[in-house]
Amino acid sequence: MTIASAFAAGVRIRTLVFLFCFNALLYMSFSVLQDDLRALASYHLYSSSSANVTSNVTGSGTIASNIVQTDDSITLAPDLSPEPQISRKANATLVFLARNSDLQGVLKSMESVETHFNQRFGYPWIFLNEDEFTNEFKESVQLKTNASVQFGVIPSRHWYQPDWIDEGKAEQARNALKAAGVIYADSVSYRNMCRFNSGFFFHHPLLQQYRYYWRIEPDVDYFCQLQYDPFDYLEDNNKTYGFTIALEELGQTVTTLWQAVKEFMEQYPEYIHPNNALAFLSDNGGETFNLCHFWSNFEIADMDFWRGEAYTKFFEFLDSKGGFYYERWGDAPIHSIAAALFLDKTQLHFFNDIGYQHSNIMHCPQQPAFLTGSCTCNRVLSIDYRRYSCLPRYNKMLNGKW
Ligand SMILES: Nc1nc2c(ncn2[C@@H]2O[C@H](COP(=O)(O)OP(=O)(O)OP(=O)(O)O)[C@@H](O)[C@H]2O)c(=O)[nH]1
Ligand SMILES: [Mg+2]
């Protein structure tokens with residue numbers, strides 16, 4: 001081959017490579033565009049069909065004109081006028097456990113929930129506390145919503161450390177956790193809260209008339225305008241437990257929890273659902289706990305599950321071990337383990353389209369779900385596929401894919 005023909009061949013190859021790369025880029029951009037268009041189309045379909053199928057919200061406006069560009073991506077700012085008319089209301093309530101001293105954080109969370117959801121849906125709020133709420137607390141909270149608000153005092157037996165707990169042993173355990181630098185290690189009130197949330201909130205007299213609840217905590221943020229009623233969604237789709245964030249628990253707080261769970265499973269095999277989500281909790285068929293759990297500061301779920309026989313037995317069994325006080329068992333792993341074992345795994349629901357932040361951990365909907373509401377979060381910062389997130393395990397358990 002002469003130098004000239006070698007050169008010409010080289011140019012041809014470089015041209016071919018360039019053309020190939022250019023086409024590949026074009027194809028990729030087109031695919032992304034197609035995804036976005038598909039998401040837009042399904043959003044539009046959902047908006048109009050929700051009026052007919054679930055009859056919960058009507059009145060969503062034009063979509064295309066509402067696309068806005070934000071830092072990292074396009075998001076939708078749905079036109080919510082005219083005011084959606086709610087022709088159906090679930091048997092549900094927003095539940096808020098709080099202290100009087102939490103007031104500022106409570107108001108912040110209420111503002112976020114009202115703005116992104118409840119102003120349009122009007123679900124009642126219930127506030128619970130082991131002490132009486134002050135007038136200042138009650139008045140301030142009532143000013144934040146047009147919905148009904150109720151304040152309840154928690155019965156002492158549902159809150160305080162039971163007499164049968166060996167306080168000496170509990171104190172030693174608290175000190176040991178404190179020495180290990182574990183958050184809330186030496187707090188008895190935190191343990192009371194975890195035990196109450198695990199086994200009692202759904203028995204409070206104010207909650208008896210309700211089936212579904214949405215748990216809210218102080219200082220949380222919501223980022224997306226919710227275009228549908230999540231309670232109706234659970235009911236219509238036979239879902240029982242909804243979450244937005246799944247994480248690994250601190251191992252030191254649940255040292256003997258899985259041993260207790262295994263004992264329970266042996267003793268009551270009848271409660272374990274044949275199509276359960278054990279694979280979310282354990283990477284070795286149940287031998288050990290991988291610490292994955294749904295983060296319970298956000299929960300939209302069915303209280304009839306907690307009130308049912310399996311969970312009642314489960315809570316009583318665990319409570320009798322004393323682990324709420326001898327360790328620092330949280331309501332999040334307790335709820336999660338029960339939901340994963342006693343329900344059909346299809347009864348769990350990842351509320352991907354609810355953008356949510358608690359402390360410094362945030363879930364922001366990923367494409368295409370982020371297009372279904374106007375989300376103000378940055379999805380690049382979402383915890384979903386970062387370290388300590390158990391969402392990949394959840395996906396794997398449900399669909400076989402991480
Ligand atoms: N009434 C009452 N509520 C409490 C008490 N401790 C915690 N709570 C509430 O229980 C929920 C969980 O408590 P948090 O302190 O938020 O616990 P956490 O979410 O694990 O930790 P943070 O990162 O501090 O938010 C919140 O709604 C609190 O307001 C308490 O002693 N009394
Ligand atoms: Mg909290």
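Numbering of ligands and ligand atoms starts at 1, following listing order.
Using a distance-only test at 3.5 Å, with no hydrogens or angles considered, no donor-acceptor pair links the side chain of His273 to the main chain of Lys345. At least one donor-acceptor pair closer than 3.5 Å links the side chain of Gln357 to the backbone N or O of Ser359. For Arg307 (side chain) and Phe202 (main-chain N/O), a donor-acceptor pair under 3.5 Å exists by modelled atom type.
Taking the ring centre of Tyr326 as origin, the terminal cationic atom of Lys169 falls inside the region bounded by 6.0 Å and 45° from the ring axis.
Scanning both residues, Asp221 and Lys108, for their nearest heavy atoms gives OD2-NZ, 3.5 Å.
Each of Tyr233, Tyr394, Phe294 was evaluated against His349; a single residue qualifies, Tyr233, per the ring pair (Phe, Tyr, Trp, His ring centres under 6.0 Å) test.
Ligand 1 is surrounded by Leu97, Ala98, Arg99, Asp102, Asn129, Glu130, Trp159, Tyr184, Ser189, Tyr190, Met193, Glu217, Pro218, His358, each with at least one heavy atom closer than 4.0 Å.
When NE2 of His358 and OE1 of Glu217 are joined through the Mg ion (ligand 2), the resulting angle is 90° to the nearest 10°.
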